[in-house]
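One structure below.
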Amino acid sequence: MNPSSIACPGCDSLYRIDPEANTGAAECPRCGAVLWREGGHSLGMTLALVLASLSLFLAAQLFPLLTLRLHGTAQETSVLACIDLLVRTGWPWLAAVLIVTVELAPSAYLCGLVFVLVQLKQGRGSRGTARVFRIIQEVQGWAMVDVFLLGVLVSYVKLAKLAVVVPGGAMYALAGSALLLAWAVDSMDCQSMWKAMGEKPGAALRAPFQTARKASLIACEACGALAPLEHGNAPCARCAAGLHSRKPDSIRRTWALLATAALLYLPANLLPVMRTTVLGATHSDTILSGIVYFLKTGSWPLALLIFFASVVVPLAKVGLLSYLLLSVEARSRRQPRLRTRLYRLTEFIGRWSMVDLFVVTLMVAMVQRETLASVEPGPGALPFAMVVAATMLASYSFDPRLIWDAMESGPAPSRSLAAAAEAGPGTGSLELHHG
């Protein structure tokens with residue numbers, strides 16, 4: 001088998017990797033991005049894990065999530081019941097958040113992954129299969145069952161101060177589904193899966209350039225396939241994604257989304273996100289007052305969780321991405337590897353800010369007892385949801401390869417990189433190492 005060429009998604013460096021040479025993982029020595037990771041299980045084992053995860057996810061729709069017992073009565077709620085109640089009580093946008101992140105995105109990802117794995121196991125990998133794989137990878141970031149479960153835990157602690165709360169079967173089923181899916185995703189060998197869906201388009205490397213763009217090549221952002229630079233804006237021959245040497249208008253779109261998040265950050269944190277009415281008395285809670293409540297009741301781990309997820313993370317994402325944008329516009333050559341790691345950090349932490357919004361949805365659904373008690377979203381809930389969405393979209397819009405573009409006209413690469421570049425015509429050579 002001939003070694004295949006691959007462009008690093010973090011810095012655009014070209015390498016040749018022979019997946020049959022060793023087992024383990026390969027990292028880009030330039031920016032630290034993972035280029036190759038061999039799966040820990042066979043295709044059949046991965047399919048079994050995904051099917052088990054899908055089965056538990058579907059079963060979770062049939063059982064209650066939590067049961068609230070107060071004054072001799074019991075009130076059960078499920079995920080679907082939460083959505084129905086939010087729509088009926090005049091909060092369709094909050095129901096839409098739940099539908100997208102806890103129902104549609106997870107089910108689409110699981111079903112799509114089952115389809116891809118079945119096709120590959122039967123040797124029917126095709127361009128259509130590659131398209132499905134590309135789409136579900138884009139959907140994966142918006143599937144937030146794990147974050148939702150953290151919101152369930154926070155809601156459980158808050159409700160337990162008022163009444164007896166019993167976890168339902170759906171909570172355990174969703175937890176099992178999330179764990180099995182994480183296991184399956186960790187065991188997937190995505191590079192081999194992409195290869196089974198079609199060889200990378202032929203593109204001769206004509207000179208010993210260091211990056212794909214300098215070699216007049218474009219690396220598909222979805223599947224990593226290499227194509228000639230003149231194919232820019234055309235669909236990828238393997239997965240049909242649009243081919244771009246760099247994300248179009250990356251800097252401008254990221255700035256616009258960050259400005260939106262920054263403008264909404266203060267109202268999201270200063271306005272009440274939840275209003276609770278007990279025996280006719282109404283009490284409003286902001287994110288910060290909710291943190292204080294957990295501290296006063298001795299639940300300091302949850303207080304720290306909400307503080308970091310809802311206050312620190314959105315602010316950190318705006319600050320870090322602003323720093324990265326300014327450094328790119330200034331064509332800074334300082335610590336590009338560190339800046340790339342900071343970008344990967346912003347990508348990872350962004351979705352966890354949804355915890356507080358899930359707490360609001362569950363409290364609204366669980367505490368609806370007419371004259372006794374009720375909970376409704378406050379005016380700060382919508383700005384907060386928009387802050388989380390804007391910061392997530394900003395992370396997706398930023399192109400980390402822009403960090404390294406300033407280095408192309410800088411000093412010669414280090415000895416290790418220079419040696420890698422000389423190992424083959426147009427690519428570095430990269431050995432797989434045990435990870």
Side-chain angles (χ1 to χ4, degrees), residues 57 60-61 64-68 76-87 89 91-107 109 140-160 165 167-168 170-175 177-178 181 268-269 272-276 285-291 293-294 299 301-314 349-368 375-378 380-392:
F57 179 80
Q61 313 306 315
L65 192 64
L66 293 171
T67 300
L68 183 69
E76 293 182 346
T77 190
S78 63
V79 179
L80 295 177
C82 285
I83 294 170
D84 178 64
L85 183 62
L86 289 169
V87 172
T89 53
W91 302 101
W93 69 267
L94 204 53
V97 171
L98 213 56
I99 291 171
V100 171
T101 58
V102 185
E103 292 291 339
L104 290 183
S107 57
Y109 181 72
Q140 184 182 10
W142 299 95
M144 302 185 187
V145 171
D146 48 355
V147 185
F148 177 72
L149 284 169
L150 201 54
V152 174
L153 175 63
V154 176
S155 301
Y156 175 87
V157 174
K158 293 191 75 170
L159 290 169
V165 185
M171 185 173 174
Y172 298 110
L174 286 176
S177 176
L181 181 59
N269 282 274
V273 293
M274 187 167 59
R275 286 176 174 160
T276 305
D285 280 313
T286 63
I287 292 174
L288 293 176
S289 68
I291 295 170
Y293 168 80
F294 281 121
S299 302
L302 291 181
L304 289 176
L305 170 67
I306 298 299
F307 176 69
F308 280 102
S310 302
V311 179
V312 175
V313 167
I349 63 176
R351 60 202 300 270
W352 294 96
S353 297
M354 288 291 291
V355 169
D356 227 19
L357 201 61
F358 288 142
V359 172
V360 173
T361 61
L362 288 165
M363 294 293 289
V364 171
M366 292 297 297
V367 188
Q368 293 292 332
V375 175
E376 65 177 17
L382 181 57
F384 181 76
M386 294 176 69
V387 167
V388 176
T391 53
M392 288 182 65

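Basis for what follows: all heavy atoms, side chains included, without hydrogens, waters or symmetry-related copies.
- If you take CG on Leu153 and CG on Leu362, they are separated by 11.0 Å, rounding to the nearest 0.5 Å.
- Listed here is the closest heavy atom pair of Ser310 and Phe384: O-CE1, 3.6 Å.
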- [ ] Check the pair Asp146, Arg351 against side-chain contact (heavy atoms from CB on, under 4.5 Å), reporting the backbone distance first and the verdict last.
- [x] CA-CA 10 Å; Asp146 48 355; Arg351 60 202 300 270; 3.0 Å; yes

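- Looking only at side-chain heavy atoms (C-beta outward), Phe294 and Leu304 stay at 4.5 Å or farther from each other.
- For the atom pair Tyr156 OH and Leu66 CG, the distance stands at 8.5 Å (nearest 0.5 Å).
- Remark: side-chain polar atoms of Ser107 are paired, donor with acceptor, to backbone N or O of Leu104 under 3.5 angstrom.
- For the side-chain contact (heavy atoms from CB on, under 4.5 Å) with Cys82, the qualifying choice from Val102, Leu98, Leu94 is Leu98, the only one to do so.
- Of all non-hydrogen atoms in Trp93 and Ala381, the two that sit nearest each other are CH2-C, 3.6 Å.
- Note that CD of Glu103 and CZ of Phe57 are 5.0 Å apart. Values are rounded to the nearest 0.5 Å.
- Shown here for Ile287 and Ala268, the closest heavy-atom pair between the two residues is CD1-O, 3.7 Å.
- The shortest non-hydrogen separation linking Pro106 to Met144 is CG-N, 4.5 Å.
- Within the model, atoms CG of Leu149 and CG of Leu65 stand 8.0 Å from one another, a figure rounded to the nearest 0.5 Å.
- At least one donor-acceptor pair under 3.5 Å links the side chain of Ser353 to the backbone N or O of Ala309.
- Side-chain contact between Leu174 and Phe148 is present, with at least one heavy-atom pair separated by less than 4.5 Å.
- Separating the CE atom in Met386 from the CG atom in Leu357 is a distance of 12.5 Å, to the nearest 0.5 Å.
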TODO: Before giving the answer on side-chain contact (heavy atoms from CB on, under 4.5 Å), spell out for Ile291 and Val311 the whole-Å C-alpha distance, their side-chain angles and the decisive distance to 0.1 Å.
DONE: CA-CA 10 Å; Ile291 295 170; Val311 179; 4.1 Å; yes

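- Here the closest non-hydrogen pair linking Ala60 and Ala170 is O-CB, 3.2 Å.
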Task: Verdict with supporting geometry, Trp352 and Val313, side-chain contact (heavy atoms from CB on, under 4.5 Å) - done: CA-CA 8 Å; Trp352 294 96; Val313 167; 5.9 Å; no

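- Nearest heavy-atom pair, Gly151 versus Val359, reported as atom, atom and distance to 0.1 Å: O-CG2, 3.6 Å.
- Other residues, nucleotides and ligands contribute only 12 or fewer heavy atoms inside 6.0 Å of the CZ atom of Phe307.
- Thr361 is not listed as a side-chain neighbour of Val97, based on a closest heavy-atom distance of 4.5 Å or more.
- For the atom pair Lys158 NZ and Met274 CE, the distance stands at 3.0 Å (nearest 0.5 Å).
- Ser177 contributes no side-chain N or O that, together with a main-chain N or O of Ala173, makes up a donor-acceptor pair within less than 3.5 Å.
- For Asp285, the salt bridge (charged side-chain N to carboxylate O under 4.0 Å, His left out) criterion is met by no residue, not counting sequence neighbours.
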